[in-house]
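One structure is given here, and the rest of the page talks about it.
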Amino acid sequence: MKKKSGVGVIGTGKFLPTRVLTNSDLEKMVDTSDEWIITRTGIKERRIAGEGIATAFMGSEAAKKALEKANLSAVDIDLIITATITPDMQFPSTACLIQSRLGASKAVAFDISAACSGYIFAMAVAYEFIKSGLYRNALIIGAEKMSSITDWNDRNTCVLFGDGAGASVLSKVDRGGILSVYMGSDGRNAPMLEVPGGGSLRPSTHETIDEKLHYVKMSGQELFKEAVRLMAEAGNKALALSGLRCSDISLVIPHQANVRILWAVAKKMNLPREKVYLNIDRYGNMSAASTAVALAEAQEEGRIKKGDIIILDAFGAGLTWGAIVMEW
Ligand code: UT7
């Protein structure tokens, strides 16, 4: 049985920096090959933000486009949530910096930290606030400058990440909208993916920098298994909560960490590969921005039509995972 929640996405936008870093560029930087990167991850190229371009700038550019599509101006927004693990600075929040860039003077703004699942967690929070009647129009943003926390000498990680931002406006809708939300976390596996230095536990010192603790550290193989298991679990649980079946889904908009993860998830969920939206080949893993950009692009490309049932599905550091089923 489909429940009409009455809260949906009314506009999406994206921003990708213009500089493209290809696999053959990376071949000149570390001991890797185009063939290895494509067959193991599905990535061909990624975007890199230049010096002086950071997360708040990219997030606000994506937000401007989402507002335009939603036919709203910045002062109509009363809630801004930014999902990021690469904030411009430790504080203030990137959401407040974006609020200022947009001139969204009536909005309350804050960040959430849920790594690659951040955009889905932000959507879940905004959904509840709008449903409760506390806020009317929410802007949710997934924005990352992953290149700022990437060790460009580590071939295990540097081939994976890219920079970018995606944004969505959520509001009350007459029909369709969000049908179900499912989220999970498991802090026991936090060490699988982390930036160990620069926080209150190990504040930046010459030593932490020498030890490269300000860069992403990842246990790739262990994460891979958890990503497959938990993205499939999240997708299936959200689907069960919505009362719909696999065959009702038109498109899955997943977090883009590795094409092999996505094929394995599709298999576990009994979904044909054509129903999985992919843009990892062009952008790599943009953490919280991946799902946000994928939704904006799928819409731009006409892959989502009015009345379609779609699932957003993500997994990331924390560990965190989550899925949202919506009728477009
Ligand atoms: O965003 C959400 C969280 N992220 C994820 O969920 C990512 C999950 N993990 C993965 O996507 C994959 O584990 C990776 C893409 C990171 C790695 O792929 P893999 O198939 O698991 O490779 P591996 O780590 O088992 O390494 C296989 C071999 C190793 O060499 P040996 O020990 O077999 O001689 C690595 O040293 O590949 C080597 N290798 C590379 N070779 C060329 C690792 N990175 C590279 C590279 N180029 N860039």
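When a ligand or atom number is given, it counts from 1 through the structure's own listing order. Keep in mind the model is a prediction, meaning the values are calculated, not measured.
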**Request:** Sequence neighbours left out, what pairs pass salt bridge (charged side-chain N to carboxylate O under 4.0 Å, His left out) with at least one residue falling in residues 32-56?
**Result:**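 As it turns out, there is no salt bridge (charged side-chain N to carboxylate O under 4.0 Å, His left out) pair with a partner in residues 32-56 once direct neighbours are skipped.
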**Message:** Tell me the closest heavy-atom pair linking Leu26 and Ile37, and the distance in Å.
**Reply:**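 Smallest heavy-atom distance, with atoms named: CD1-CD1, 4.3 Å.
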**Nearest-0.5 Å distance, OG1 of residue Thr94 to CD1 of residue Ile112** =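 Separation between the atoms: 12.0 Å.
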**Message:** Which protein residues come within less than 4.0 angstrom of ligand 1, counting heavy atoms only?
**Reply:**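 Within the 4.0 Å shell of ligand 1, which is judged on heavy atoms, sit Asp31, Thr32, Trp36, Arg40, Thr41, Cys116, Arg155, Asn156, Val159, Leu160, Leu193, Met218, Gly220, Gln221, Leu223, Phe224, Ala227, His255, Ala257, Asn258, Arg260, Ile261, Asn285, Phe315.
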**Item:** Electrostatic pair Glu207:Arg202 at N-O distance under 4.0 angstrom
**Value:**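 Judged by the 4.0 Å cut-off on N to carboxylate O distance, Glu207 and Arg202 do not form a salt bridge.
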**Message:** Check Lys65 with Glu68, please: is the shortest side-chain N to carboxylate O separation under 4.0 Å?
**Reply:**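 The answer is no: the pair does not qualify as a salt bridge.
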**Asked** Do any N or O atoms from the side chain of Glu144 and from the backbone of Thr84 form a donor-acceptor pair under 3.5 angstrom?
**Response**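 No, Glu144 side chain to Thr84 backbone: no donor-acceptor pair under 3.5 Å.
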